[in-house]
Amino acid sequence: MSEDESTAEAEQGVEDASAAITELAKRRGFFFGSAEAYGGVAGFYTFGPQGAALKRNVEDAWRDRFTVKEGNQEIEAPTVMPEPVFEASGHLDGFDDMLVECAECGVSHRADHLVEDETEIEEAESLPIPEVEELIADHDLRCPNCGAPLAGQPVEDFNLMFETSIGPGSGQTGYLRPETAQGIFVEFPRLKEYARNQLPFGVTQIGRAYRNEISPRKGLIRTREFTQAELEQFINPERDEPSLDSVADVEVRLYPATEQEKDDGGYLLTTIGEAVESGVIANEWIGYYLGVAQRWYDRVGVDMDRFRFRQHLSGERAHYASDCWDAEAELGGVSASPESEAGEAADPSAGDWIEIAGFAYRGDYDLSKHGEHADDSFTVFEQYDEPKTVERAVVEPDMSTLGPEFGGKATDVADALSDLAARDPDAFDGETVTVEVDGEEHAVDAEVANFRIEEQTEAGEHVTPHVIEPSFGVDRTVYTIIAHAYVTDEVDGERRTYLALDPEIAPTYVGVFPLLGNDEALTAVAREVVSDLREAGLSVSYDDSGNIGRRYRRQDEIGTPFCVTVDHEGLETAGAETATIRERNTTAQVRVPIDALADELAAIRSGRKAFDDLRAEYDDGGRGR
RNA sequence: GCGCCGUUGGUCCAGUGGUAGGACAGUGGCUUCCCAAGCCACUAGCCCGGGUUCAAUUCCCGGACGGCGCACCA
């Protein structure tokens, strides 16, 4: 097959896969565009009964791994926050882009970028709009697309944050959060107390975030309201280390920035341990969470042959990140497995890859910013093992002299003396010291300043923690799980579609049917089975409509892993009454005593048993399909 | 936000200047002892606004929504 053909086929596959999944999602209640009765609204999706359950199960699995098993704390912050929060975080500026549209070809450009490219100005983003319009006219900037002059075209602001007003009237300006992270950062002063001022500690949050996208696309993949699951891991960068050993042998497919910049760059197949050792993954905390995440994705049903970690290129990184890796999933049906094409290395540029998580080293950016803007302290006091004795230059000005001499400026002069002592102790060698306050020089008698070198004991220091942020897109993860679970096969010559969802996350765990819908004896027992299984905490669906094959297919399509069927044969068996359990992927069946159904199915869901164990344990009373 | 294409039962499609037809799905019944079978019946639709016309689901304009390309995605 030529390369062109295979590419064309892959693209066809993308369309088919996404269309088939969208159709299934609408028809079976996974997700669909919101408010279609009112014409719909772009970028908003409603999860139907199956989708909401699936999403909830994914969130629970994430919580189990990233909150509970890591020993972290979960919080729930508001989705609306006042303006100053986002002034501090940088979102108000960083989110506020200037666009200018070409009158000739209609293409929009970042006005600030044009100015920066064509002039000496470097921070055009911070200039007011009229000034940017003037610069465009003065420098006769032209459309990069068609070359038409842009002078006279209006420069327009758009902010990717949803704005709202808090309280009646003009009220206070607020914004819907563009990421859940800020809800954690702003509460850091309290959160550190709950962690008893001990680094390292982690805080998680699962919740909605909002971005007023210019043009939402690709269904669930890019929406205006979405769910994030984020962990903010706070560490002392000088000291704290992750337990890298526990994930060192996790095998990963890395796509480093250096490979992306090559024309024929490829994957680096390695282990977390080796990648950190060799410096491909620069930060061991990032490495640790890549390992944890890879195992988690595998657990919830992401196909590891269609999964990779891609490092951000330097120009791609956010304002706060010093290093960043994305988890990416392939949705077009192209396997990235190197074994897939007779040993040929997989081509990283093939396939339809989307970001499903980001792992950023945010340094102390966020806490420092909030420390500058807010009133509270965003540091942790860390005690030294041994108190340290340090020599420190101090002044203790005689205020009874400074007061009469400088009047209202006396305090400022005293502060200036204190600063000077720390900065330049030698300045106090002479008979007078000169300090500057508000541009005026003031001479102070050295004795009045009362300068001396003092020995001080320091028990510890205030540390601004660094932050490692694994940030997961829940909706995209849900979509990926559905796409990777989507299977078509044949049963008895009939085409079948099913979702091979993992029992832990399948929205419905077991379907229960009477073999015949119009048989009182069977329906009564089946309904009892439903009650028993629900009592055992399982998610159960009852169905007696249509023939048995149709009912199996319905459950197959929503990914229900097991179906229990009550039949006469089972009610007539000597001893205990039995029913069949049918496994979704293989359609194999095993006959199990009705009394044992709840325990056995619960055992499989928790991972203590497999379906094959049941087949070994009980006589194969099914039809041996 | 720009350009191209589209929008018809729950889903996927056909069709028409005189308000529509199929397939699948669904519901009830008959049949049926294990994988989308069959028979009968039923439920259910022309995206919104304006214009042209005696008459618009159909033609024209605008909008909303969707797909693709460009831009954007910190």
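Here is the naming used below: chain letters follow the sequence lines, and residue numbers restart at 1 for every chain.
Using a 4.0 Å heavy-atom criterion, one finds that A/Ser215 contacts the bases of the nucleic acid, with or without backbone contacts as well. A/Gly219 comes within 4.0 angstrom of sugar-phosphate atoms only, judged by non-hydrogen atoms across all strands, and of no base. Counting any heavy atom pair closer than 4.0 Å across all strands shown, A/Arg550 reaches sugar-phosphate atoms only and no base atom. Heavy atoms of A/Asn518 sit under 4.0 angstrom from at least one base atom. A/Arg551 comes within 4.0 angstrom of no nucleic acid atom, judged by non-hydrogen atoms across all strands.
With hydrogens and angles ignored, no donor-acceptor pair under 3.5 angstrom links the side chain of A/Asp492 to the base of B/C35. The base of B/C35 lies outside donor-acceptor range of the side chain of A/Arg496, with no N or O pair under 3.5 Å. Between the side chain of A/Arg553 and the base of B/A36, a donor-acceptor pair under 3.5 Å is found. The base of B/C73 lies outside donor-acceptor range of the side chain of A/Glu213, with no N or O pair under 3.5 Å.
Under a cutoff of 6.0 Å and an axis angle of 45°, A/Arg527 and A/Tyr542 form a cation-pi pair. Cation-pi geometry between A/Lys55 and A/Phe47 is met: the NZ or CZ atom falls under 6.0 Å from the ring centre, inside 45° of the normal.
Nucleotide B/G17 is matched to nothing when pairs are restricted to Watson-Crick or G-U wobble geometry with both distances under 3.5 angstrom. Across all strands shown, B/G26 forms a Watson-Crick or G-U wobble pair with B/C42, both key distances being under 3.5 Å. Under the Watson-Crick or G-U wobble criterion, with both distances below 3.5 Å, B/C59 is paired with B/G51.
Listed nucleotides B/A74, B/C33, B/C70 differ in distance to A/Pro178; the shortest reach to its side chain belongs to B/A74.
Aromatic ring centroids of A/Phe562 and A/Tyr509 lie under 6.0 Å apart. Taking the ring centroids of A/Phe513 and A/Tyr552, they lie under the 6.0 Å cut-off.
Distance noted for atom C1' between B/U7 and B/G63: 13 Å (whole Å).
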